[in-house]
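Okay, so here's the structure we're looking at.
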Amino acid sequence: MSIAESRGTSAANAPSSAASFDVRPNPSAKTDAERAELVRELAFGKVFTDHMARMQWREGEGWSDRRVEAYGPLQLDPAAAVLHYAQEIFEGLKAYKHADGSVWLFRPEANAERFNRSAVRLALPELPVEDFIGSIEALIATDAAWVPGVEESSLYLRPFMFASEAFLGVRPAHVIDYLLIASPVGPYFAGGIKPVSIWVAQGFHRAGPGGTGAAKCGGNYAASLLPQQQAYANGCQQVLFLDAKDDRFLEELGGMNVFVVRRDGTVETPRLTGTILEGITRDAVMTILEDDNRKVIEKDITLDEVRSGIESGDIVEVFACGTAAVVTPVGRLASPDFDVTINGGEAGDITMGIRQKLTDIQYGRAEDAYGWMRQVL
Ligand SMILES: *Cc1c(COP(=O)(O)O)cnc(C)c1O
């Protein structure tokens, strides 16, 4: 099931095997005071909770050994296939604390299903949806004290799976480890939302036809780091990739999907071609905008039309979206040939409106009319 197809499914009804995880408490778990100190200033992905969840898969045996145990370094054979051939996938989602202290996930079954589509592409075993959700619920129950409560903070969850078999032959590994780690995160933009500048990748592409662009695999990110450096060198924070075949069409940023807003209020985003990662935030944004009676079009969008649209005033806003940064305004688009400012470099109303509507649902400030939220505590 694609993410768009799963729009109508109820997150609350997704199955969970949380009860079958064997919880072995961390004997050196942080004290309340130590934890409070660690979460005082939250940078993204630097602080981790006391525990991690894990499972292992073996060829011919399937998944077993569901556990929650102390967070800590892994023992990995130097010949573990992942270190050589990058047979690895991951997911990213958040747990949100509501004002009444309850804790909720946003469309976790969509992450579970995308994880399995990524698994198929990387020749990894699929993980039952109930184990994906079960691992999250078991870990959050154990590390409940780590879910931050300050505004716009959350517990970032990182499920991942990799080839741990010690074997240098090139074939899908016969031993696979699944792990889930969690990191309390503060607002992505400390000190308020600032529009980002984007550099158009020159001579590099994120993914090609038939490649792994639609899978959430570490290898895609490895390939995006050099172009990302180009962006930094040109004074930009993010890189925009064009399609590999024609080098003309917008695809996405290194880890976020992209939208443009026309002067008449129409919103456009690149259609899914197999080289773009189908974001759950992207789908939620489209759904909410459509319910607001806004026209949302998935289509091929050329860099030329975006550049001229910004220059002529026909394109009034550009934004990027993904779980980590939610919805991020783009204030500037640059390449060796041009350097254009969008909406005077300020965040636009449609961008900030959709950001508000989405975070209101996630943080329980607005009714969840879509059945997207699942209570876990
Ligand atoms: C994860 C990811 C996104 C955003 O997906 P969400 O489900 O919205 O978090 C976009 N692009 C890439 C390359 C990604 O890896």
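The figures that follow rest on heavy atoms only: side chains count, while hydrogens, waters and symmetry mates do not. All figures in this text were calculated on a predicted structure; none of them were measured in a lab. All ligand and atom numbering here is 1-based and tracks the order in the structure.
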Nearest non-hydrogen protein atom to atom 14 (C) of ligand 1, with distance, is Lys216 NZ, 3.0 Å
Which residue holds the protein heavy atom closest to atom 8 (O) of ligand 1, what is that atom called, and what is the gap in Å? Thr281 OG1, 2.6 Å
With atoms numbered from 1 as shown, which atoms in ligand 1 lie under 4.0 angstrom from a non-hydrogen atom of Arg206? 13 (C)
Counting each atom of ligand 1 from 1 as listed, which ones have a heavy atom of Gly279 under 4.0 Å away? 5 (O), 6 (P), 7 (O), 8 (O)
Check Met256 against ligand 1 and report side chain, backbone, both or neither, counting heavy atoms closer than 4.0 Å. backbone
Tell me if the centroids of the rings in Phe241 and Phe249 come within less than 6.0 Å of each other.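 Between Phe249 and Phe241, which both carry aromatic rings, the centre distance is not below 6.0 Å.
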In terms of hydrophobic clustering (I, L, V, M, F, W, Y; side-chain heavy atoms under 4.5 Å; direct or indirect links), are [X] and [Y] co-clustered?
{"X": "Tyr178", "Y": "Val23", "value": "yes"}
{"X": "Val196", "Y": "Val200", "value": "yes"}
{"X": "Met286", "Y": "Ile350", "value": "yes"}
{"X": "Phe48", "Y": "Val68", "value": "no"}

Are any of the N/O atoms in [X] less than 3.5 Å from those in ligand 1?
{"X": "Glu252", "answer": "yes"}
{"X": "Thr323", "answer": "yes"}
{"X": "Asn111", "answer": "no"}
{"X": "Gly254", "answer": "no"}

Looking only at heavy atoms of [X], does any of them come nearer than 4.0 Å to an atom of ligand 1?
{"X": "Glu91", "answer": "no"}
{"X": "Arg114", "answer": "yes"}
{"X": "Ala110", "answer": "no"}

Taking atom 4 (C) of ligand 1 as the point of reference, which of Gly255, Ala320, Ser224 owns the nearest heavy atom? Gly255
Between Phe90, Tyr221, Phe241, flag the one that comes closest to atom 15 (O) of ligand 1 by a heavy atom. Tyr221
Report the relative orientation of the aromatic rings in His98 and Trp104; use parallel for angles under 30°, tilted for 30 to 60°, perpendicular for over 60°. parallel
Using the ring of each side chain (for Trp, its six-membered ring), is Phe259 parallel, tilted or perpendicular to Phe319, with breaks at 30° and 60°?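 Correct class here is parallel.
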Hey, is Asp292 close enough to Lys357 for a salt bridge, meaning N to O under 4.0 Å?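 The answer is yes: the pair qualifies as a salt bridge.
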Considering all heavy atoms, the nearest Arg54-Phe21 contact: O-CE2, 4.0 Å
